[in-house]
4 protein chains.
Amino acid sequence: MQTEKLPRREREKLRQRQEMLAAAFDLFSQKGYHNVSMHEIAVKAEFAIGTLYRFFDNKEDLYKALVLEQCDKFEDAVARAIGDGDDEVEKLRNYVRTKGERFRGNLPFVRLFLAESRGASFNIKAGLDEELRKRYYAFLERLALIFDSGIKNKRFKNVTDPYHLAVALDSVVDAFLLLWLDAPERHPYPEDPDTILDIFLKGLVDP
Amino acid sequence: MQTEKLPRREREKLRQRQEMLAAAFDLFSQKGYHNVSMHEIAVKAEFAIGTLYRFFDNKEDLYKALVLEQCDKFEDAVARAIGDGDDEVEKLRNYVRTKGERFRGNLPFVRLFLAESRGASFNIKAGLDEELRKRYYAFLERLALIFDSGIKNKRFKNVTDPYHLAVALDSVVDAFLLLWLDAPERHPYPEDPDTILDIFLKGLVDP
Amino acid sequence: MQTEKLPRREREKLRQRQEMLAAAFDLFSQKGYHNVSMHEIAVKAEFAIGTLYRFFDNKEDLYKALVLEQCDKFEDAVARAIGDGDDEVEKLRNYVRTKGERFRGNLPFVRLFLAESRGASFNIKAGLDEELRKRYYAFLERLALIFDSGIKNKRFKNVTDPYHLAVALDSVVDAFLLLWLDAPERHPYPEDPDTILDIFLKGLVDP
Amino acid sequence: MQTEKLPRREREKLRQRQEMLAAAFDLFSQKGYHNVSMHEIAVKAEFAIGTLYRFFDNKEDLYKALVLEQCDKFEDAVARAIGDGDDEVEKLRNYVRTKGERFRGNLPFVRLFLAESRGASFNIKAGLDEELRKRYYAFLERLALIFDSGIKNKRFKNVTDPYHLAVALDSVVDAFLLLWLDAPERHPYPEDPDTILDIFLKGLVDP
DNA sequence: GATGAATGAGGTTTCATTCAT
DNA sequence: AATGAATGAAACCTCATTCAT
């Protein structure tokens, strides 16, 4: 973003917005949507509450903006990782590694999504906002393309639908990360991405 | 549970408790934790609100009891499925099938866990209550035992840690189910469990 | 109302309701609907604000209940006055006298309707709630019946529609009362009802 | 007003003021004083909110200016009507007709006074601002003069105080107009002013 | 033991007004 | 002079929890 090119007023506005989002981010990720008040956010962001409402229509709106912004960043990083790499296996390795790094290096981000889930959640990406869901599906398609290309190259055997493989890989990465989050020593996230990847590459039974 | 052996008074109490939990279940799964009031639950359960508080310390406590009870049922069914089957592959098939059936046949149960997640949730089973987490780990160990036994039998190649395989399989099943939940026509849950299982059994690359 | 016959609990409830209405009456009539807060009413009535909301759904609801209750009392008195009297002229005299007395003896009641009108109001009974309007029309019909009966008896000449006469008489009484309210010395309300009545009874021009 | 003679700067200011008042008029008459914000007025008038405050001390002040301006126009028209006509009856007819036309042809003006009255209003011109009240009394005196002159001419019998007659006539016209406003088909405003006037001219009982 | 009326802190949101630019 | 972003008090209303009956 070329914020430097914007008029001073616009830049200032953007900066304020970022400060509000930052304050909200901290609070929401620590306490969950329902346990944070607009008053609290305003105090933390050092703005009057009315100013908050000049930038966001309501609490829901603020939350959505926050989530989308965070997802943007995350997605960009992961998408870049998918792009990098000479062959399909390399690309998948980059994906597993990058997602792991990003996730573990940005715990508040993760908590933003988990903080609200009271007690338990069996889900992945369910209850997603329409917008977020669309993005997630688009991402899965991109991941599926790698498997597809690998199959077309004969680098991979044609055992299952590439989309299914994408769903599976992504969910397994999530699962390992969440185990790690819960008990890092008990469930260390594998430094070597092949630890996860091999589950898909090597079969359990011979053909 | 052998409720018949309990004194009449105790039996009565248990029945009341169940009615409260049933009412709470309906409401929480439909509207999410924060959008249900104790008053609402009391009305639906046809008890005075004060009576609710004789059975549960507070709203949080009621919710936890509810979640644990529901998980109990779910786990029992899935554990039974794991037990059934002549060989390891059969057991895994039963697991994939049963989890799918239970999940899809009990949507309110699923919503109980999802209703609250605002906007997004990348996670699986994170934010779990201590108790629930412990159970989940215990369940994973049981699932891992199947892979372990398969490896010891030479039915499976020894490609990865059995615990990792358990984590992976469980998360993939969840992922498919959540896709199905979100858009059943677009993401039909496979009738044949092998569709999912093959991802793990057949490898993508030759050894 | 036979409040003594009601169960104690009901009686208590009714008493509380009356206290709330009384507090609201005072405040609304002094400051107008928009300048009174629910908090203020709660404090004045010596109840918690939540208790207020157990009796009335919201501020609007409380206001309506108040207005209707006050109108009930007023209407009853005026209706009784219309009933009393041997002939039509006597009935009309009673009406003019009673309305004057009631009105002047219950200033807060009057202010309840005027307090809100900011600055000015050319109207009478406009902006009335559906319910109130219906009542008002019903009352006019009753007043018209007196003129009608007078005409049928030949006691009155048949110069205009009785309903018009009713509208006219009522509005003139209101007008005199409002002038009095504004400046009692300058515009004393006539002790003798004939002062007002004669406007209608005696014509300005000979037939 | 001879705006052409004023310096350009003054003329400009006056024009701006009129635009503000026009915007406020539309909004207040549609939604009532309390349901219109200064922000809304500023946007509609296409001025900055701060500029609004350079012309009017506060919201109340703006409202008063608006009401007074509107009353001016209305009064002028009605006063002219009173002046016109060869004899007293003709003058009164003109008054009844003109007030009816003005009122019915300028509904927003009427709503300006009614929009705020919550639920009910028994009043006419009560709660009037000091200034408005003075004007209203002055107008009544003018109307009374017609009756007075009629009596002095022997055109009218001397049955009551001319001022009383003025009050009565004005209030009756108001009453008919408000009935019409509320339900035009049910209460059509009489095309022929004599329908109203006759109530005062012809008596109900013979002398 | 069961009841549910009462509580009041605290939630979200609005808006008249100010004042630095 | 004109602007409009910023302010924050205050509005309405909800609801988890208590406790006298």
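Predicted model only: the values in this text are computed from it and were never measured.
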According to the Watson-Crick and G-U wobble definition with distances under 3.5 Å, which dot-bracket string, read 5' to 3', encodes DNA chain F, using [ ] for crossing pairs and | for pairs with another strand?
-> .||||||||||||||||||||
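- Summarising the geometry, the separation between CD on C:E60 and P on F:dC13 is reported as 9 Å, rounded to the nearest angstrom.
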Enumerate donor-acceptor pairs with a distance under 3.5 Å from any side-chain N or O in residues 40-54 of chain D to protein atoms, sequence neighbours excluded.
| unit_1 | atom_1 | unit_2 | atom_2 | d |
| --- | --- | --- | --- | --- |
| D:E40 | OE1 | D:S37 | N | 3.1 |
| D:E40 | OE2 | D:K31 | NZ | 2.2 |

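- Protein chain B contacts DNA chain E from E:dG1 to E:dA5, reading 5' to 3' and using non-hydrogen atoms of the protein with a distance under 4.0 Å.
- Ring orientation note: the planes of B:Y63 and B:Y33 are nearly perpendicular, at an angle over 60° on the 30°/60° scale.
- Position along DNA chain E of the nearest nucleotide to B:Q16 versus A:K59 favours B:Q16 as the more 5'-ward residue.
- Going from atom CG of A:L66 over to atom OG of A:S29 covers 8.5 Å, rounded to the nearest 0.5 Å.
- Atom CD1 of C:I41 and atom C1' of F:dA10 are 15 Å apart (whole Å).
- Taking C:Q18 as the reference, C:E69 meet the side chain to side chain donor-acceptor pair (under 3.5 Å) condition, with sequence neighbours excluded.
- Taking the side chain to side chain contact (heavy atoms under 4.5 Å, CB included) definition, one finds that B:D61 meets it with B:F56, B:D57, B:N58, sequence neighbours left out.
- Backbone-only engagement by A:V36 is indicated by non-hydrogen atom pairs under 4.0 Å involving sugar-phosphate atoms exclusively.
- Residues from residues 48-57 of chain B lying near DNA chain E, meaning a heavy-atom separation below 4.0 Å, are B:A48, B:I49, B:G50, B:T51, B:R54 in numerical order.
- If you take OH of B:Y33 and P of F:dC15, they are 13 Å apart, rounded to a whole angstrom.
- One can place NE2 of A:H34 at 11 Å from P of F:dA16, the figure rounded to the nearest angstrom.
- With rounding to the nearest 0.5 Å, the separation of CE in A:M38 from CE in A:M20 is 9.5 Å.
- Every residue two or more places apart in sequence or in another chain that forms a side chain to side chain contact (heavy atoms under 4.5 Å, CB included) with D:K73 is listed here: D:Q70.
- In this structure, B:K64 NZ and B:L68 CG are separated by 9.0 Å, a value rounded to the nearest 0.5 Å.
- Atom CG of B:L107 and atom CG of B:L112 lie 12.0 Å apart (nearest 0.5 Å).
- Heavy-atom minimum distance, A:K13 versus A:F55: O-CE2, 3.5 Å.
- Of the two residues contacting DNA chain E, namely C:K13 and D:S37, the nearest-nucleotide position lying further toward the 5' end is that of C:K13.
- In this structure, C:H39 atom NE2 and F:dC12 atom P are separated by 11 Å, rounded to whole Å.
- In this structure B:E12 satisfies the side chain to side chain contact (heavy atoms under 4.5 Å, CB included) test together with B:R15, B:Q16, sequence neighbours excluded.
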